[in-house]
Every structure is written in C-alpha cells, then in structure tokens.
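Take a look at the structure set out below.
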Amino acid sequence: RGMIFSLHVIFVGGMWLCLLNFPVPQVQVFLDQTLGAGWRSVLESIVQGSFGVTSLAVISAIAFNIALLFNAERNEQFMSPSMNAMVALSCYIVLLGSSESWPDLFSLNHGLIFAVSTSVAVSFVFLRLASLRFLRISSTVIGHDPTTFQVLNLMPAATLTIVLFAGARVVFHTAFPEGIDVSQMLINSLFKGQSGGLGLGVLYTGVSQLLWFFGIHGPNMLFSLEQGTLNIAMLENIQAAAANTAPPHIMTKGFLDSFAYMGGSGATLSLILAMLYISRDKGNRRLCYLALLPALCNVNEPLLFGIPLVFNPLYIIPFLFAPLVNILTAYAATALDLVPRTITSAHWTTPALVNGYVATGSIAGTLLQVVNLTIGALVYLPFIKLSERIHFKRQRNAIKTLHDFACNALPGPNGQKCMSRSGFEGYLARSLADDLVYALKQSDQLFLAYQPQINTQTHLVEGVECLLRWRHPTYGSIPPPLTVALAEDSGVIDDLGAFVLKSACASFGRWKTGVCDDFLISVNLSARQLENPALTETILGILNDTGTPARHLEVEITESVAVTPIDATYTTLFGLRALGIQVAIDDFGMGHTSLRYIKEFPIDTVKLDKTLTEESKNGVNDYIVRSIMDLSQNLQLRTVVEGVETLEQCERFQRMGCSVFQGYYFSQPLSSEECFEYITSYKVSEAVVEEQDVPQGVEVESV
C-alpha cells in the first residue's frame with residue numbers, strides 16, 4: 001500500500017523523464033524552438049520533485065498504512081497514522097546524517113530500501129512504545145480539542161522513538177567511523193572470478209532482478225561491475241566495428257539493455273502485452289495503458305509500484321525469469337549468427353524495437369526483440385491468471401464483508417456504513433461508490449428485475465416487487481443492500497431511488513393493457529429517502545411524466561423505519577397516502593416492531609418475513625403467522641407471504657388464511673418482458689396443484 005500511495009509521484013517523474021530524454025533529436029529541437037530554452041529546467045525540477053523525493057513519499061505512506069493496520073487489529077487506544085508517518089520521517093532524516101547525502105538518498109535510485117526498512121522499524125518501535133500507558137500524557141492535562149489530544153498524548157513515545165534511533169546512529173558511527181557497505185561487500189564476493197560471457201550475464205541479471213524485487217535499484221548497486229566488465233566489452237565491440245573486424249563479445253551492457261530489459265527491469269513490456277491480452281481486471285488494464293509509453297522508453301517504475309511488482313510474491317518468479325529467458329534466447333541467436341553482435345550503445349531511453357536495431361545495426365535485432373517480447377509475455381501469462389484469481393477472491397470476500405456491514409452495521413459518526421471503513425474494504429467501498437455514480441449516468445449496469453405476487457383466491461398476478469440489480473463490469477453482481485448503502489454513503493440515494501421508480505413506471509406503462517385493475521408495482525424506499533422532504537413531490541413528478549396512476553404504486557419501507565420513525569417520515573408517508581399511493585412494511589414479524597407504530601402508520605400491506613416460511617420447533621412460526629393474519633384482518637391490511645419455495649409451504653400458509661404469495665415456487669425475478677409474459681399467461685390452478693419446475697434455493701434479497 002505504501003508503494004501504491006506513491007504511484008502518482010512515480011508516474012509524474014516517469015512521464016517527464018521520458019520527454020527529457022526522448023531519443024528523437026527532431027523532437028528535442030521542436031521543443032526547444034516551441035517552449036524556449038527554459039523548458040528543460042522546468043521538467044528537471046518536476047523530475048527532482050517526484051523521482052527525487054520518492055523515498056520520502058514511500059516512508060511516509062508505509063508508516064501511515066502500518067498504523068492503520070495496527071488500529072484495525074487492536075481495540076486499544078487509537079494511534080494516529082499521521083503521527084506515525086511524521087515520526088518515521090524524522091527518524092529517517094536522523095539516520096541519514098549529513099545533508100550532503102540527502103539528494104541522492106531521497107531519490108528512487110538509492111534510498112528506497114533504506115526508507116522501507118526504516119519505516120517498518122520505526123513504526124514497530126513507536127507503536128509499541130505508544131501502547132505503554134505510562135508513556136501517555138493524561139487527557140485531563142490537555143484540553144478539549146481531540147486532534148491536540150491525539151498529538152500530545154503520543155508525544156512522549158514519539159520523542160523517545162526519535163532519541164532511540166538517534167542513539168542507534170551514534171553507536172553505529174562510533175563502531176564504524178568510516179562507514180561500512182555490507183551490500184557492496186557481498187556483491188563483490190558473489191561476482192569474484194567472473195570475467196564475462198553468458199555466466200556473467202545470467203548472474204548479473206538474476207542479482208539485479210532480485211535486488212529490484214526488494215526495492216533496491218539493481219543496476220545502481222552493480223554499477224562497478226557494469227563499468228569494469230560489461231561496458232569494457234561494449235567498448236571493445238564498438239572499436240572492432242570501427243576497424244571493420246568481428247566484434248569479440250556477445251555479452252555487453254548494450255546486449256542486456258536491448259534484449260533482457262525491454263520495458264525496464266523485469267521485461268515489463270512483456271508484462272504489459274500479457275496483461276492487455278488476458279487480464280479481466282480493468283484497473284490493471286488501465287494502468288498498463290498509462291504505463292505503456294514510459295515502458296517503451298524503459299521506464300518501468302509505474303508498473304513496479306502500481307501493480308505492484310516490488311515485494312509482490314505472486315510475481316517474483318516471472319519477474320526474475322523473464323529477463324533470464326530473454327538472455328538465453330538472445331545469446332543463442334547471437335552465437336548462431338542469426339543476429340549481429342551489439343556494436344552501438346543506445347541511450348537507455350531509446351524505445352524497444354528501435355534500440356534492437358540501433359544496437360546491432362540490423363533488422364534482425366528488432367525481430368529478436370519481438371521474439372523475446374512474446375516469450376516474456378508467455379512467461380507472465382500463468383502468473384497473471386493466478387494473481388487475478390487471488391485478487392478476485394479477495395474482492396468477493398471484501399464485497400461479502402461490505403454486504404454484512406450494509407445489512408447489520410450501524411452508521412459511523414459521519415453517517416456512513418461502508419465508505420468510512422479502513423483497509424481494503426474501505427478502499428473497495430469508495431471505489432464502488434464512484435462506479436455507482438458513473439453507473440447512474442449509463443444504461444447498461446443498473447436495471448430492475450420483477451418478482452410476481454400471486455393471489456391464489458382471485459387466480460391473478462396482482463402485483464410485482466421491483467428488485468434493483470447492479471451488474472458491475474468488474475465485480476459482477478453487487479448485492480442490492482450494499483448498492484443502497486453505497487448510494488446513501490455517497491449521497492446519491494435520491495438519484496438511485498428516482499432511477500428505480502422511473503424504470504418501474506416505464507414497465508407498468510408497457511404492461512397496463514394486460515394487468516388487473518388493482519395491479520400494484522411495489523418499490524422499496526430507504527430510510528434516507530424518507531428523510532428527504534422533497535420525496536413526495538419527486539414521486540408525483542415521475543408518476544405524471546410516465547402517466548402512471550398513483551393507485552397502482554406501492555412503496556415498501558423496512559420494519560426498522562416503522563420502529564424508529566422521525567417527523568419527516570410521518571409527513572412523507574401521510575403525504576404519499578394522500579396522493580393515493582399505498583404503503584407496505586417489508587420483512588414484518590421477526591424484528592422489534594411496535595404495534596403502536598404499526599397502528600399509527602398509514603399502512604396498507606404487511607409482507608411477512610421470509611424466515612417465517614420455514615417450519616419451526618413446536619410450530620412457533622405458525623402461531624406467529626396466525627397472529628399476524630388476525631392483526632391484518634382486524635386492521636384491514638393486505639398480507640403478502642414472501643420466500644415461498646415449495647408446494648408444501650404454499651399449502652401450509654393457505655390453511656392459515658394466507659392468499660397472496662411471492663417466491664421462487666411461483667416465479668424467480670424476471671426481466672420486464674419475461675414478467676409481462678408471465679402475468680398474461682399465468683394460471684393459478686396449475687401452480688397450486690403441482691409443483692412448478694423453477695429454481696430452488698435462497699431467494700435473492702430485494703431492495
């Protein structure tokens with residue numbers, strides 16, 4: 001998450017870096033003439049302010065996210081993520097020491113792994129120190145502002161953390177006054193005895209890739225080896241070509257740049273091609289389109305941090321092996337004289353397919369790159385599939401969790417059920433909310449399904465419940481309660497409600513010549529909609545625009561609305577009744593309903609909770625249903641039994657006096673056209689005599 005948080009910094013730097021080093025001289029001349037001589041200094045400042053401070057962005061973002069996870073896993077005192085980020089940043093500066101080294105270590109090239117390590121270490125120390133009660137300032141000393149309290153409360157732990165890391169720096173520099181570069185010592189010992197050839201190229205590439213996987217700029221760490229061996233081999237090839245003699249070396253720096261690292265470290269141009277070919281994740285596909293231009297110029301950081309590839313165990317195998325396979329293929333082709341040896345050192349931003357030609361002076365170099373791009377894409381394909389399977393499973397689990405929040409959780413302090421959640425679930429909720437706003441402007445994602453309501457006494461379909469459906473292009477079917485919760489959280493519930501009502505009235509307009517005189521279209525209203533004083537006027541406007549008589553519309557409210565009404569709810573419902581619109585209470589019978597509210601509300605219909613259709617121990621459910629039926633008859637309320645799935649259920653409720661049913665035994669939710677066909681062709685006598693061949697199972701939740 002820390003890497004992804006810094007993606008905008010990486011992407012901005014990558015784009016302008018490509019433009020600064022664009023390998024076509026005519027373009028550079030055009031920019032100089034058009035923008036003037038100062039354009040380069042402006043772009044260099046942008047690169048320095050993006051690539052040049054990447055380590056600072058990463059350390060802050062990682063510390064921030066560690067604190068979020070720490071808070072999510074514990075029910076103790078809240079630890080400020082911003083405070084943790086500031087402490088980590090301060091300790092990082094303390095450990096760096098002299099400001100002369102800052103520009104180099106702040107950058108992506110040299111400071112990333114140190115930044116990551118420091119961020120994790122500081123967060124570990126600070127958050128645990130902050131958990132110690134004796135290191136907290138008492139709230140009675142601080143005042144009333146909660147932000148001030150959070151900062152001052154954690155100040156002792158923050159101060160102690162910075163002091164500890166400053167002490168660690170003093171100890172280190174006392175023990176090693178000249179400093180010690182352990183990584184460089186290990187690299188020198190690893191490459192000891194390597195003089196060139198295929199072995200050196202494979203080892204160099206493997207180590208470079210492994211370093212990059214852990215956020216360390218591999219080529220920079222191997223710079224001395226590159227200068228001492230690979231560049232010398234490249235220079236000897238250039239001199240041989242100038243003397244019209246055969247170049248002596250296959251393995252050169254130009255060879256690796258042209259045939260191993262197409263798109264940058266990890267052969268990421270192959271990853272882009274594979275992703276665009278097979279990926280079903282639209283987010284990754286968009287990222288690949290954005291990263292395509294930088295990758296063509298061998299700037300691969302947008303992918304390293306965006307997918308991400310760095311620290312991602314799902315991609316470690318192709319990230320390591322795609323360049324190695326490319327080396328073996330290119331080395332074999334060159335050794336067999338199918339491709340000339342590299343005789344020119346192209347600038348590192350020269351686009352792929354072009355640098356193959358430039359480096360070898362032959363179109364065969366470009367063709368070899370095409371072959372290697374294809375092979376690299378094949379290496380990445382199975383891992384993309386695996387990654388997306390895991391990712392989509394995680395998404396579905398997160399959607400299920402959000403669905404549970406939408407159904408059962410109380411709104412947070414800001415009135416939101418889902419969007420205020422932390423972690424991946426909160427991110428997904430906010431992303432889905434944005435998608436919902438977009439879907440309301442389109443015509444292909446949101447739609448209604450209609451489930452018939454059957455009267456077994458009149459042998460007619462006397463109504464339908466209009467059920468909202470959202471078919472998301474990436475996540476598939478989104479549960480209706482989650483859709484409504486997201487609409488409420490994001491403030492578009494009134495727009496969503498208007499969409500549902502317009503769609504329902506439009507369907508009724510197509511059906512009205514084939515339905516009974518007292519046919520009802522039943523539409524659900526959320527508690528948030530009922531709080532809108534303009535709801536009655538909005539509904540009346542839609543009825544007038546669609547030519548739908550008010551007596552054919554029924555609005556459903558949940559039992560919780562009836563239990564905890566507010567004045568606006570009363571006003572709205574009585575206003576709707578005054579227009580001739582009927583009102584129903586959904587899921588009645590298993591909540592905390594107050595009969596006083598049921599009596600006071602303008603109710604026309606009671607819909608029995610689906611759990612009452614199940615057989616219960618000692619027949620308790622049947623007693624409840626009989627009591628509700630008696631109540632409904634006394635109050636002259638229409639009763640609908642939901643969730644009827646078998647003939648036995650239907651007959652049992654008929655014996656208790658029920659006559660209006662809704663459920664999979666009669667029909668699953670249907671499209672508008674299918675529902676009208678069902679209404680006009682339905683024969684109730686057949687439905688109650690023999691069980692219809694319809695899908696069995698849990699009824700889809702309605703909204």
Side-chain angles (χ1 to χ4, degrees), residues 403 406-408 417 448-455 462-469 479-485 487-488 493 496-497 500-501 504 520-531 535 539 552-566 569-570 572-573 576-577 581-595 597-614 621 624-625 627-629 631-632 635 637-645 653 658-664 666-669 698-703:
H403 180 216
C407 293
N408 304 315
K417 283 188 173 183
L448 298 187
Y450 304 87
Q451 190 165 34
Q453 297 173 345
I454 313 301
N455 190 319
E462 67 174 37
V464 295
E465 182 177 4
C466 305
L467 307 174
L468 176 65
R469 297 289 182 262
L482 176 55
T483 304
V484 171
E488 291 181 337
I493 185 61
L496 183 63
V500 172
L501 186 57
L520 291 174
I521 51 171
S522 187
V523 176
N524 289 262
L525 294 180
S526 74
R528 194 72 60 84
Q529 286 178 271
L530 289 168
E531 295 173 7
L535 177 63
I539 293 177
H552 288 292
L553 176 63
E554 180 180 68
V555 294
E556 290 189 20
I557 61 175
T558 61
E559 198 174 20
S560 60
V561 174
V563 174
T564 56
I566 60 176
T569 302
Y570 277 114
T572 298
L573 290 177
L576 294 175
R577 279 291 302 277
I581 297 170
Q582 298 198 37
V583 179
I585 289 187
D586 196 13
D587 299 332
F588 181 84
M590 295 301 288
H592 304 285
T593 302
S594 165
L595 298 182
Y597 285 132
I598 298 302
K599 182 178 179 181
E600 293 178 358
F601 261 71
I603 302 300
D604 300 284
T605 300
V606 168
K607 300 188 71 174
L608 297 185
D609 189 277
K610 289 185 282 289
T611 58
L612 293 176
T613 63
E614 302 169 359
N621 281 0
I624 295 174
V625 172
S627 299
I628 294 174
M629 291 301 300
L631 172 66
S632 299
L635 298 178
L637 302 178
R638 172 174 172 261
T639 305
V640 178
V641 182
E642 292 187 292
V644 177
E645 298 182 2
F653 282 102
C658 303
S659 59
V660 183
F661 301 93
Q662 176 182 334
Y664 271 63
F666 294 94
S667 174
Q668 61 186 325
V698 179
E699 185 174 6
V700 178
E701 291 189 68
S702 63
V703 172

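Keep in mind it's a predicted model, so treat the numbers as computed, not measured.
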Kindly indicate whether the side chain of T605, heavy atoms from C-beta on, has any atom under 4.5 Å from the side chain of V640. yes

Spatial distance of atom CZ (F661) from atom CD (E462) [nearest 0.5 Å]: 11.0 Å

Consider only side-chain N and O atoms of E488 and S526, and report whether a donor and an acceptor are under 3.5 Å apart. yes

I want to check something: taking the side chain as every heavy atom from C-beta on, are I557 and D586 in contact at a cut-off of under 4.5 Å? no

Minimum heavy-atom distance P480-R469, with the two atoms named: CG-NH1, 3.6 Å

Close side-chain approach of L525 to L535, heavy-atom, < 4.5 Å: yes

Between I454 and Q662, does a side chain to side chain contact (heavy atoms under 4.5 Å, CB included) hold up when you go through it step by step? CA-CA 6 Å; I454 313 301; Q662 176 182 334; over 6 Å; no

Are the side chains of M629 and T639 in touch, meaning some heavy atoms are under 4.5 Å apart? yes

Using a 4.5 Å cut-off on heavy atoms from C-beta on, say whether the side chain of L448 contacts that of V500. yes

Are the side chain of R577 and the backbone of P602 linked by a donor-acceptor contact shorter than 3.5 Å? yes

Shortest non-hydrogen pair, V464 vs P452, comes out as CG1-CA, 4.0 Å

For the atom pair CD1 (I581) and CG (L573), what is the distance rounded to the nearest 0.5 Å? 10.5 Å

Give a yes or no on whether a salt bridge exists between E554 and K607, defined as a side-chain N under 4.0 angstrom from a carboxylate O. no

One should read off an interatomic distance between Q453 CD and S667 OG, to the nearest 0.5 angstrom, of 11.5 Å

By ring-ring contact (aromatic ring centres under 6.0 Å, His included) - contacts of F653 (at least two apart): none

Passes side chain to side chain contact (heavy atoms under 4.5 Å, CB included), L496 versus T483? Steps please. CA-CA 9 Å; L496 183 63; T483 304; 4.2 Å; yes

Working to the nearest 0.5 angstrom, can you tell me the gap between N455 CG and C658 SG? 11.5 Å

How long is the straight-line distance from CD1 of I493 back to CD of E531, given to the nearest 0.5 Å? 11.0 Å

Side chain to side chain contact (heavy atoms under 4.5 Å, CB included), that's the test. Do Q451 and L467 meet it? Break it down for me. CA-CA 8 Å; Q451 190 165 34; L467 307 174; 4.2 Å; yes

Tell me the closest heavy-atom pair linking P669 and Y664, and the distance in Å. CD-OH, 3.7 Å

State, yes or no, whether a side-chain contact exists between E465 and N524 at a heavy-atom distance under 4.5 Å. yes

Can V660 and V641 be said to form a side chain to side chain contact (heavy atoms under 4.5 Å, CB included), step by step? CA-CA 6 Å; V660 183; V641 182; over 6 Å; no

All heavy atoms of Q529 vs all of G497, minimum pair found to be NE2-CA, 3.4 Å

Quick one: list whatever passes side-chain hydrogen bond (donor to acceptor under 3.5 Å, both in side chains) with T572, sequence neighbours left out. none

Tell me, do P481 and H403 make a side-chain contact under 4.5 Å, heavy atoms counted? yes

Between I585 and L637, is any pair of side-chain heavy atoms under 4.5 Å apart? no

